[in-house]
Chemist: 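Take this structure first; my questions come after.
Every number for a ligand or one of its atoms is a count from 1 in the order of the listing. We number each residue from 1, following the sequence as shown.
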Amino acid sequence: MANAAELPYDVEAIRADFPILHQETRPGVPLVYLDNAASSQKPRQVIEVLDDYYRRYNANVHRGIHKLSEEATAAYEGARVKLKRLINAASKREIIFTRGTTESINLVAQTWGRANLNAGDVILTTVMEHHSNIVPWQMLAAEKGITIRYTPLCEDGTLDMDAFRRMLGEGAVKLVAVMHVSNVLGTINPVAEIARLAHEAGALALVDGAQSIPNMPVDVQQIDADFYAFSGHKMVGPTGIGILYGKRDLLETMPPWMGGGDMISRVRLDGSTWNELPYKFEAGTPSIAQAIGLGAAADYLNAVGLERIQTYEKRLTEYALERLSEVPQLKVYGPPAQHKGAVATFTFASIHPHDLAQMLDVEGVAVRAGHHCAMPLHDYLGIGASARASFYLYNTFSEVDVLIEALYKARKAFSI
Ligand code: 7TS
């Protein structure tokens, strides 16, 4: 176990900020929340910001010329600036509020994709993607006759970059759509290199940042991503809010997606003109409280420091992988800890992951079981399902020990 003095922060001080963590799932059984890749818990700093909005200045934004609306608008637009800074976008006009990663990618498919892709064009992605970076492209492909190609993996669960280069070199690739960090294998993809190669081949690069933004510093300009998508609820923020970052020149050329209030500049009965960025892509009343809460989440992560969070999680994941490797008949998927994010996905002899998750739940340990919205990856790995423990800034080394003990109990119960 790591020496506390070597860790980048006092995890107990962090845990004190998260009210939900201090509970027992049944009498005498403390909650051990290891399902962070699905959704993270929220610190009181975010919860209080949501509460304050509804108690003190709830009103619609960009509309009313009255005190509450002005205050709500200032907080909503202030949150946009915080998110711009978090990812180092060049302008706040490049930050579009969406419902999350899924909506962000669908927005690109339905606007840029529909306007720019035609029969014969290729979208190059990978077999490790979450469904939200596969299905929107499949829907577009069915409509437009474009082709989707999937980059395979190396034995260790990293992306096969030779195959990627080869597939890119075959031509006709207009878009490369790749996840930054895998929600199953934890693989950290070399997205800056991927974007550079995509651009050399005349393609754009979209990065799914759902699992990177919560856990590491990200600079979209350094990566040179054309689009970068992520969700608030995985980064200590509320549900129902996320971001699509897009390069300004590109967003300017894209048609809007949803039509309605706020996204227009002028509406006449015979046609309409569009609002400026980013409002062109924010039709209707947005998720105001959630956006403001997301701004507070960015403040929280910055205050702890994303580099420190990444270092802490790396130590914790190394420890978890080491302990998991001691459990007989347990197989962990993905690269070693130094090349991966804070997830440990595994199968355990013949125990079905759902049964295993149920047994762990009895011990207070929350993990996810199933395909984790990555069915093609599970097919590729030749398994139907897996169990996944995913860690975040507030998890402790002793929680890893609880997981391991619970696995030994399951082993005994299933007589394996
Ligand atoms: N992309 C990745 C890499 C993800 O991990 C997820 C959610 C999404 C996209 C979709 O995000 P949403 O907020 O729009 O739903 N991943 C998971 C998971 O691994 N378990 O539950 C949700």
Chemist: With a 4.0 Å cut-off on heavy atoms, is Arg388 touching ligand 1?
Modeler: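 A heavy atom of Arg388 does come that close to ligand 1.
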
Chemist: Do the charged groups of Arg114 and Glu143 touch, with an N to O distance under 4.0 Å?
Modeler: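 Salt bridge between Arg114 and Glu143, a charged N being under 4.0 Å from a carboxylate O: yes.
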
Chemist: If you measure from the Lys or Arg side-chain nitrogens to the Asp or Glu carboxylate oxygens, is any gap between Glu276 and Lys280 under 4.0 Å?
Modeler: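 Looking at Glu276 and Lys280, the cut-off is not met.
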
Chemist: Salt bridge check, Glu94 against Lys247: does any charged N sit closer than 4.0 Å to a carboxylate O?
Modeler: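 No, Lys247 and Glu94 are not salt-bridged.
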
Chemist: Nearest to atom 4 (C) of ligand 1, what protein heavy atom do you find, and at what distance?
Modeler: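 Residue, atom and distance for the closest contact: His130 CD2, 3.3 Å.
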
Chemist: Go through ligand 1 atom by atom and flag the ones less than 4.0 Å from a non-hydrogen atom of Ser132.
Modeler: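 Close to Ser132: 1 (N), 8 (C), 9 (C), 10 (C).
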
Chemist: Which atoms of ligand 1 are found less than 4.0 Å from any heavy atom of Thr101?
Modeler: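 Checking each atom against Thr101, I get 9 (C), 11 (O), 14 (O).
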
Chemist: Tell me, which protein residue and heavy-atom name are nearest atom 5 (O) of ligand 1, and how many Å apart are they?
Modeler: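 Nearest neighbour among protein heavy atoms for atom 5 (O) of ligand 1, to 0.1 Å: Gln211 NE2, 2.7 Å.
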
Chemist: When you measure from the centre of the six-membered ring of Tyr333, is the NZ or CZ of Lys331 closer than 6.0 Å and no more than 45° off the axis?
Modeler: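 Yes, a cation-pi geometry holds between Lys331 and Tyr333.
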
Chemist: Using distance alone, determine whether Glu103 and ligand 1 share an N or O pair under 3.5 Å.
Modeler: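 Checking ligand 1 against Glu103, no N or O pair falls under 3.5 Å apart.
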
Chemist: Considering heavy atoms of the protein only, find what lies nearest to atom 1 (N) of ligand 1 and give residue, atom and distance to 0.1 Å.
Modeler: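 Looking at atom 1 (N) of ligand 1, the protein heavy atom closest to it is Asp208 OD2, 2.5 Å.
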
Chemist: Tell me the nearest of Ser212, Ser231, Gly100 to atom 12 (P) of ligand 1, using heavy-atom distances.
Modeler: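 Selected option, by shortest heavy-atom distance: Ser231.
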
Chemist: Whether Glu318 and Arg315 form a salt bridge (side-chain N of Lys/Arg under 4.0 Å from carboxylate O of Asp/Glu) is what I want to check.
Modeler: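 Looking at Glu318 together with Arg315, the answer is no, because their closest N to O distance does not fall below 4.0 Å.
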
Chemist: Output yes when Arg149 and Glu170 qualify as a salt bridge under the 4.0 Å nitrogen-oxygen rule, no when they do not.
Modeler: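 The answer is yes: the pair qualifies as a salt bridge.
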
Chemist: Hey, can you tell me if Tyr76 and His62 have their rings parallel, tilted or perpendicular (30° and 60° cut-offs)?
Modeler: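 Perpendicular: the ring planes of Tyr76 and His62 meet at over 60°.
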
Chemist: Considering only heavy atoms, does Glu129 approach ligand 1 within less than 4.0 Å through its side chain, its backbone, both, or neither?
Modeler: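 For Glu129, no heavy atom sits under 4.0 Å from ligand 1.
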
Chemist: For atom 17 (C) of ligand 1, which of the options Lys234, His371, His372 provides the nearest non-hydrogen atom?
Modeler: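 Among Lys234, His371, His372, the closest heavy atom to atom 17 (C) of ligand 1 belongs to Lys234.
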
Chemist: Between Lys174 and Asp121, is the closest basic N to carboxylate O distance under 4.0 Å?
Modeler: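 Between Lys174 and Asp121 there is a salt bridge, with a charged N closer than 4.0 Å to a carboxylate O.
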
Chemist: If you have a sec, work out which protein heavy atom is nearest atom 20 (N) of ligand 1 and how many Å separate them, to one decimal?
Modeler: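 Answer for atom 20 (N) of ligand 1: Arg368 NH1, 2.5 Å.
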
Chemist: Check Asp224 with Arg196, please: is the shortest side-chain N to carboxylate O separation under 4.0 Å?
Modeler: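 Looking at Asp224 together with Arg196, the answer is no, because their closest N to O distance does not fall below 4.0 Å.
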
Chemist: Classify the contact between Thr102 and ligand 1 as side chain, backbone, both or neither, using a heavy-atom distance cut-off of under 4.0 Å.
Modeler: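 Contact part for Thr102 vs ligand 1: both backbone and side chain.
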
Chemist: Taking only heavy atoms of Met179 into account, list the atoms of ligand 1 that are under 4.0 Å away from them.
Modeler: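 Those qualifying, in numeric order: 3 (C).
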
